[in-house]
Structure formats: structure tokens, C-alpha cells
Amino acid sequence: MTKRSILSCLAFFFIPILGFASSFINICRRDVSKTDIFIISSFFFIIGYSVPPVYDLARHYSDFDSMVDFNSFYTLIEYKFDFILYTTEYVTKTLGLHFGIVPGAYSFISYYIILSIYRFYTLKSQKMTSSTYFLLSLLVLSTVPLFTIILGLRFGFGIFIALYASFLIFEKRNKIGYLFLILAMICHFAFLLLAIAFILSKLVRVSKSLFIVLIIVAISTSYLISNLINIMPVPELLKGRLLAYLTGYWATEFLDTYSLWYRVSLILTYWMIYPGVLYLFLINKNSYKDSYMQFTIWNILILFLFCNYEVIFSRYAMFVNCMIILQFIKHYSSSCFKNTFLLIFTFVGLITFAFGNIYANRTVISLNNMTNILYLPPVITIFERTQYDRKILSQIDEQGRFL
């Protein structure tokens, strides 16, 4: 542990935002410290821990509250494929801990994973300028869909379990990666698409020209996906879950019930996919020889098969965005082309984080006085918020909407 990291740790213990800022400065270099990764991840744990139970989080809190014994837990998971969240909730409830531990832990693990992967790539890369490290670090942090992790839990957390699985399989050649691949699938059923992408990446190697052709084909045939799923030999339960996102309310109709700003904020959560795909169109064709790049490309092609279905496209795009950014960092070298895309990605990432995460959730942040956690010692925050305030719960209905 370096002196810089020790100072950051002490600062975080008393004033979290100061410790976070200090650790962020520390990671803007080649030799990223694991201690600083831990401090930054702990900062986002505190944020996750302090978020009130609104939107999807309200439903998960209701499930958590209803778990009184193993039988009630079993009833919840009996007909569900993606049961990691319910298992986490059951363990947390059994230990007598506050529900806030769950979104807090998911946030911590997610940031720890992506920053650890970032550390792996920076240590392998050539030494770069301090401004480049600053922009790369900023890009990584801004790419994380913080409130998707905290409020949705299942899919947001699944993104980073899937990223870690991919990293272990393709970069570390570690078979444990396959276990994490399965864990990602039982975090959220949408990550079954990973298995398809993995198989295709092993069977068909995509060149740059073929990639362009296939992405056009994927967009052109997107409207046929729901028909294809109907005739696929998969269990009816899984088929029903998939079709729920591809037809009816959760396909596009749900947008009619929300404001224009909500639609804009939804687009902002995934719009990095467009400069990301452009970057892959323009890079040197030799980059396509990398097996991890092939896996990334097949995930992009699968994503665009769902471009006519807003919910599944916007969600899976967040995962694919993270993959593209990690590929960008892995192959980064100082050149006019890559420096330009670094600026573009960082700008888009910051806009996404500022408006798609912070501004879009400003009511959530103000409801529980979450700005206080930035300067209160973490120990005080944890002990003061061992349960949700009744006044806060009285402002939220059963569906997690604000009254």
C-alpha cells in the first residue's frame, strides 16, 4: 500500500467524497493500486446502501420484507430462472442485515470488477501521459450505469458478472470464467445471449467487411425476432419471459406512459453504442483477430437484432458499451485517431452519467438526503440508515412510484 493510498483511506474514513477524489487522482496513472480500487468501490457501496426503495428496488424490497423463512424464499424462486438476487436477499435477511446492503454490495462488486480489469490493461500497456490516464479513468467510471445497478439490481449487477466472466475466459484463459458465465445467466435471463455469442464467436470469425454486412442484416431483420423465438425449442417459461420484452407493453408501448424527458434519459443510457460501433468500423482489421474482440462483435450483432425492442435493446446495450470501452482501452495507443475517440467516448460517457444517471434520478437523490453521505463518515451513514425512514416510505406507493 502506497502513502497516497493510505492518505486516501484516511480521508475516506472521515469525508468519503474527499477519499474518493483522492483515490481517483491516484488511479490516473499506470500503477493503479488495489487499495484505491477498494476505496472507490466502497464510495459507491455507500451510495447504493443509501438509495430509498423506489421503482424496481421497491419490488425487490417488498420481496425481501416478505421473506420470513426458507419456505417463503423458496416460493419466490420456484418459477424463476434468475434467482441470484433472491438468494442474496435471503442471506442478507437471515443475517439480520438492512436491505440496503444488497444494492450497496452490488455497486461495490460492479465497480471493483471493472476497475480491476482496467488495472490489468493499464499495467500491460505502454506508459502514457498523465492526461491520457485521467481521461481513461474518467471514461471507465462514467461508463458504469450506477442507478441501473442500484435500482434494478438483477440486470445491472449481471453486466459486471458477465464482464468478469468474459475477462477470465478470453484474457486469463481461466476456466472459472465459465462458472461466472453461468452466474451472469442466473443474475438475469437476458445474459443467456452470452452463450449464443460465445458459440458463434468460436464457429464464425467475422472480418471488418462481414461485420458491416451482418450489422445491416441484423437491423433489417430485427422485426422477425419475436416470430423466431415463438418457434424456438426452448422451455415455455423462458420463452414467455423473452416475449414479455419483445411484444406488448414492454416492447415500445411503455414509452407512451412516460414523459419526453424519460425517453431522452433512456436514450442517454445507451447512446455510446453508436460511436462505439463506428470506432470498430474504423479500426485496423488486425484487431479483429483477437478472440475477445470476436466475442464483442458477436454481442454487438445480437444486440442489433433487438433494435426494434426498446427495453431489451437499451439494457443489453449497456453491457455491450462496457465491452467496447474495455476493448478500446486494451488496444489503446497514442495516435490522432484513438485520441480523438478517447475524447468522444469520455464526452459521451460524462453526458450519460450526468443526465442519464444523476439528473434523471435527482428526485431519488433528494428524497433520502443522499448528498449528506458525501461528507459524513461512512460509519455514521451505515448506523444512521439501518432501516428506511417511515417518512420516506410514506412518499412511495406499492409500485415504487413517488406519490
Side-chain angles (χ1 to χ4, degrees), residues 80-85 110 113 145 148-149 152-170 177-206 211 214-215 217-247 250-251 269-270 272-273 276-277 280 291-327:
K80 291 187 170 78
F81 177 81
D82 37 2
F83 58 84
I84 285 290
L85 171 61
S110 299
I113 284 173
T148 300
I149 300 168
L153 297 179
R154 295 182 308 149
F155 187 84
F157 183 55
I159 289 173
F160 296 92
I161 299 300
L163 283 176
Y164 191 57
S166 308
F167 172 73
L168 288 176
I169 292 169
F170 292 101
Y178 295 104
L179 173 62
F180 279 93
L181 194 65
I182 295 170
L183 287 175
M185 293 175 191
I186 57 178
C187 272
H188 196 284
F189 71 94
F191 290 105
L192 286 167
L193 297 174
L194 286 176
I196 299 172
F198 180 78
I199 293 168
L200 289 172
S201 69
K202 295 295 183 180
L203 295 177
V204 183
R205 298 196 67 81
V206 179
F211 178 43
L214 288 178
I215 208 164
V217 171
I219 294 169
S220 303
T221 59
S222 177
Y223 67 95
L224 297 173
I225 288 298
S226 57
N227 295 328
L228 178 62
I229 290 173
N230 267 317
I231 61 173
M232 284 175 62
V234 297
E236 288 299 320
L237 177 63
L238 179 58
K239 188 181 293 185
R241 294 287 295 276
L242 286 169
L243 290 173
Y245 284 94
L246 302 180
T247 59
W250 287 113
T269 62
Y270 64 79
M272 190 183 284
I273 193 69
V277 171
L280 293 179
S291 59
Y292 196 6
M293 178 66 81
Q294 286 290 314
F295 182 63
T296 303
I297 286 168
W298 274 109
N299 273 288
I300 293 170
L301 293 171
I302 289 171
L303 169 68
F304 277 95
L305 277 173
F306 296 98
C307 65
N308 285 327
Y309 309 97
E310 192 65 39
V311 170
I312 194 166
F313 180 80
S314 61
R315 288 188 178 185
Y316 205 69
M318 287 186 273
F319 165 65
V320 175
N321 282 339
C322 291
M323 293 192 77
I324 293 173
I325 293 307
L326 290 176
Q327 286 293 330

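FYI, the numbering just counts along the sequence from 1.
Between M318 and the options I149, I273, I159, a side-chain contact (heavy atoms from CB on, under 4.5 Å) holds for only I159.
The backbone N or O of K202 lies less than 3.5 Å from no partner atom in the side chain of Q294, so there is not a single donor-acceptor pair. With hydrogens and angles ignored, the 3.5 Å screen pairs a side-chain donor or acceptor of W298 with a backbone N or O of V204. Here the side chain of S222 pairs no donor or acceptor atom with the backbone of I219 at under 3.5 angstrom. Put simply, the side chain of T296 never gets that close to the backbone of M323: no donor and acceptor are under 3.5 Å apart.
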Inset, instruction - Test side-chain contact (heavy atoms from CB on, under 4.5 Å) on L301 and F211 and set out the steps. - result: CA-CA 8 Å; L301 293 171; F211 178 43; 3.9 Å; yes
Inset, instruction - Output, in order, the C-alpha distance, side-chain angles, deciding distance and verdict of side-chain contact (heavy atoms from CB on, under 4.5 Å) for L326 and F167. - result: CA-CA 10 Å; L326 290 176; F167 172 73; over 6 Å; no
Inset, instruction - Start with the C-alpha gap between F198 and I169, add the side-chain angles, then the distance that decides, and say whether side-chain contact (heavy atoms from CB on, under 4.5 Å) holds. - result: CA-CA 10 Å; F198 180 78; I169 292 169; 3.9 Å; yes
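Minimum heavy-atom separation, G158 to C187: CA-CB, 3.9 Å. The two residues F313 and C307 make their nearest non-hydrogen contact at CD1-CA, 3.5 Å. Taking all atoms of both residues into account, the shortest heavy-atom contact from F304 to V277 is CE1-CG2, 3.9 Å. Closest approach of L163 and C322 over heavy atoms only: CD1-CB, 3.6 Å. Nearest heavy-atom pair, L168 versus G177, reported as atom, atom and distance to 0.1 Å: CB-CA, 3.6 Å. The shortest non-hydrogen separation linking S166 to F295 is OG-CE2, 3.2 Å.
Here CG of L305 is found 12.5 Å from CD1 of I300. Values are rounded to the nearest 0.5 Å. A distance of 11.0 Å separates CG in L214 from OG in S220, rounded to the nearest 0.5 Å. The CD1 atom of I215 sits 9.5 Å away from the CD1 atom of I297 when rounded to the nearest 0.5 Å. Between atom CG of residue L194 and atom CD1 of residue I161 there is a gap of 11.5 Å, rounded to the nearest 0.5 Å.
Ring geometry, Y292 versus F170: the interplanar angle falls under 30°, so the pair is classed parallel (tilted spans 30 to 60°).
Listed by chain and number, the residues in a side-chain contact (heavy atoms from CB on, under 4.5 Å) with I302 are L193, I196, A197, F306 (sequence neighbours excluded). Not counting sequence neighbours, the partners of N299 by the side chain to side chain donor-acceptor pair (under 3.5 Å) test are Y316.
A heavy-atom distance below 4.5 Å is found between the side chains of L280 and M293. I324 is not listed as a side-chain neighbour of M272, based on a closest heavy-atom distance of 4.5 Å or more. Here the side chains of L183 and Y164 are not in contact, with every heavy-atom distance at 4.5 Å or above.
Counting heavy-atom neighbours within 6.0 Å of F155 CZ, excluding the residue itself, gives a total above 12.
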